[in-house]
A.B. asks: 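Quick one: structure below, then a few questions.
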Amino acid sequence: MLTIDAVHLREINIPLAYPFETSFGVTSDRRILLVEVESDGLTAWGECVAGEHPYFSAETVDTAWIVAEAELLPRLLEKELVGGCSCPALFSQVRGHHMAKAAIENAVWDLEAQKKKMPLAELLGGTRSVIPCGVSIGIQPSLPALMEKIAEELEAGYQRIKLKCKPGWDTRVFEAVRKRWPDIALSCDANSAYRVKDFDLIAEWDQFGLTMIEQPLWYDDFYFHSMLQKRLDTAICLDESIRNRRDALAAIDMESCRIVNIKVGRVGGFSEAIAVHNAAAERGIPVWCGGMLETGIGRAHNIALASLPNFSLPGDISASARYWIEDIIEPEVTVSPRGEIEVSDGIGSGVTVLRDRIESLTVRQSTVRANAREIA
Ligand code: OSB
Ligand code: MG
């Protein structure tokens, strides 16, 4: 059994090494909520992937902070836990707020792995010792700038290139990239930038042999994606639309997608991420691990998750140096010339959190202690 003594919430501010542009906006500086759980002399960290603005999902750093502090942490601190798997039931009265829940649940899984003196990947059910890696390349100021970025990432060994796209940064871009690199694994991610009037345009992309088209339509849609998928040879992959296992089953069974992106924050934590993974595996649908511009803490958790067997496609998990001048963990995440990241066989997530560096980036913090349980 685990008893949590205290949880520290912190917000750090950290600039990205390179600005990242999607169809919903540009991110240059990140505000990130970190969670640190303390139990019996051990500490474990979780990272909340909510953005600065409610543009990818309804959550933000500020909503996650409030919900964690006022709702989730009191529930967590009230009870003894079996482990990370205890969290969904504790949090179930709170609707939504998946990213806030995941940050806490994932820290508890990390703690459980430490307590059991085993690698987090193994505790989650991971079977891979290395994971295949791809990169997500933001919308660039110009086509030559994009071509240069792709050349660099291929040179570094990445196994798949994903291009962020939006109306006006799509067909012409795919055409130019395919002309120069006819055979690379290439995909695109629209983050919901297209509508039914664009179906003809999207159908033209079949000629580019993309591995998938990610979330072309509304962030909360299955039906119109299913209409679109019928018209395409290319697989649709859903990201934003998949909030849990039931969504994955609905999307797969109504043929809204043929591939599923799993982001542990989006589905509310490792328990649900594993459930989505298993549901897709049972139906023969491959999954891959998405990214949310994480620091090393979230990145290490993504790597552990992506070691599960049905993560058969390269994920958006790439080297720390693509995001940060200096990461907040050691060793930083690096990618081999074959485009793979090694899954740590150390205890817990296998990385050391750089507390001094985090301290220097911290702009606010708050501690919630287990008073209620001690009195009871
Ligand atoms: O849709 O996958 C997405 C970043 C922020 C918000 C949404 C997305 C992304 C990425 C980045 O594609 C992937 C990464 O972390 O490299
Ligand atoms: Mg996406």
Side-chain angles (χ1 to χ4, degrees), residues 14 16-32 47-61 98-99 102 131-140 149-150 152-153 156 158-166 169 186-194 210-221 225 235-243 251 257 259-267 276 287-303 305-306 313-324 327 333 335 339 341:
I14 179 170
L16 279 171
Y18 309 94
F20 190 79
E21 181 169 350
T22 67
S23 63
F24 57 76
V26 185
T27 306
S28 306
D29 298 285
R30 300 257 6 244
R31 295 175 56 200
I32 300 173
E47 175 169 346
C48 179
V49 299
E52 297 69 32
H53 300 282
Y55 299 164
F56 173 82
S57 80
E59 288 185 86
T60 68
V61 180
H98 286 185
M99 293 171 177
I131 57 164
C133 303
V135 286
S136 172
I137 303 185
I139 293 164
Q140 299 295 310
K149 264 243 150 59
I150 297 173
E152 266 173 38
E153 306 293 14
Y158 287 104
Q159 298 183 18
R160 177 272 278 146
I161 301 289
K162 162 172 139 182
L163 304 175
K164 288 292 189 178
C165 67
K166 65 178 182 182
W169 184 264
L186 185 67
S187 67
C188 70
D189 184 358
N191 290 112
S192 309
Y194 297 90
L210 304 175
T211 311
M212 71 193 90
I213 298 171
E214 187 176 341
Q215 199 74 37
L217 309 174
W218 297 267
Y219 71 93
D220 56 358
D221 171 77
H225 280 98
I236 290 177
C237 169
L238 289 179
D239 174 356
E240 285 89 326
S241 294
I242 308 290
R243 300 161 300 176
C257 66
I259 297 175
V260 172
N261 166 328
I262 299 181
K263 286 179 180 163
V264 63
R266 197 192 65 227
V267 301
V276 173
V287 304
W288 55 279
C289 184
M292 291 290 283
L293 313 175
E294 289 92 346
T295 70
I297 293 174
R299 198 166 297 278
H301 285 175
N302 287 345
I303 294 166
L305 179 66
L313 296 168
D316 281 348
I317 310 178
S318 50
S320 296
R322 292 189 66 251
Y323 307 85
W324 316 111
D327 204 337
V333 175
V335 169
I341 292 177

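Predicted model, so just to flag it, every value in this text is computed and none were measured. Heavy-atom basis, side chains included; hydrogens, waters and symmetry copies ignored. Whatever order the structure lists ligands and atoms in, that order sets their numbers, starting from 1.
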A.B. asks: Under 4.0 Å from a heavy atom of N191: give me the atoms of ligand 1 that qualify, with their elements.
C.D. replies: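 Near N191, meaning under 4.0 Å from one of its heavy atoms, ligand 1 has 1 (O), 3 (C).
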A.B. asks: N/O to N/O below 3.5 Å, does that happen between R299 and ligand 1?
C.D. replies: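 There is no such contact.
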A.B. asks: Can you confirm whether the side chains of S23 and Y194 place a donor and an acceptor under 3.5 Å from each other?
C.D. replies: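 No, no side-chain donor-acceptor pair sits under 3.5 Å.
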A.B. asks: Output yes when R160 and D316 qualify as a salt bridge under the 4.0 Å nitrogen-oxygen rule, no when they do not.
C.D. replies: yes
A.B. asks: Suppose we measure from atom 6 (C) of ligand 1 to each protein heavy atom; which comes out shortest, and what is that distance?
C.D. replies: M292 SD, 3.6 Å
A.B. asks: With the threshold set at 4.0 Å, does a side-chain nitrogen-carboxylate oxygen contact exist between E21 and K164?
C.D. replies: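 Answer for the salt bridge query: no.
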A.B. asks: Are any side-chain N or O atoms of H98 and backbone N or O atoms of R266, one a donor and one an acceptor, separated by less than 3.5 Å?
C.D. replies: yes
A.B. asks: Are a donor atom and an acceptor atom from the side chains of E47 and T295 found within less than 3.5 Å of each other?
C.D. replies: yes
A.B. asks: Out of curiosity, T211 OG1 to W288 CH2, how far, rounded to the nearest 0.5 Å?
C.D. replies: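 The CH2 atom of W288 is 10.5 Å from OG1 of T211, to the nearest 0.5 Å.
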A.B. asks: Could you list which atoms of ligand 1 come closer than 4.0 Å to a heavy atom of K162?
C.D. replies: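 Going through ligand 1 atom by atom, the ones under 4.0 Å from K162 are 2 (O), 12 (O).
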A.B. asks: With heavy atoms of K164 as the reference, note each atom of ligand 1 found under 4.0 Å away.
C.D. replies: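 Close to K164: 1 (O), 2 (O), 3 (C), 8 (C), 9 (C), 10 (C), 12 (O).
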A.B. asks: Look only at interatomic distance and state if L293 has a nitrogen or oxygen under 3.5 Å from any nitrogen or oxygen of ligand 1.
C.D. replies: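 Yes, there is a polar N/O contact under 3.5 Å.
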A.B. asks: Looking only at N/O atoms, are R322 and ligand 1 under 3.5 Å apart anywhere?
C.D. replies: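 In this structure, R322 places no N or O atom under 3.5 Å from an N or O of ligand 1.
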A.B. asks: With only distance considered, is D189 within less than 3.5 Å of ligand 1 through an N or O on each side?
C.D. replies: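 Yes - when backbone and side-chain N and O of D189 are compared with those of ligand 1, one distance drops under 3.5 Å.
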A.B. asks: Which ligand 1 atoms are under 4.0 Å away from a heavy-atom of D239?
C.D. replies: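 Heavy-atom distances to D239 below 4.0 Å select 1 (O), 2 (O), 3 (C).
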A.B. asks: At the Mg ion (ligand 2), what is the angle formed between atom OE2 of E214 and atom OD2 of D239, rounded to the nearest 10°?
C.D. replies: 90°
A.B. asks: Tell me, which protein residue and heavy-atom name are nearest atom 16 (O) of ligand 1, and how many Å apart are they?
C.D. replies: Y323 OH, 2.5 Å
A.B. asks: Quick one: which of V264, V333, I262 gives a side chain to side chain contact (heavy atoms under 4.5 Å, CB included) with N302?
C.D. replies: V264
A.B. asks: Would you kindly say whether S241 and Q215 are connected by a side-chain donor-acceptor distance under 3.5 Å?
C.D. replies: yes
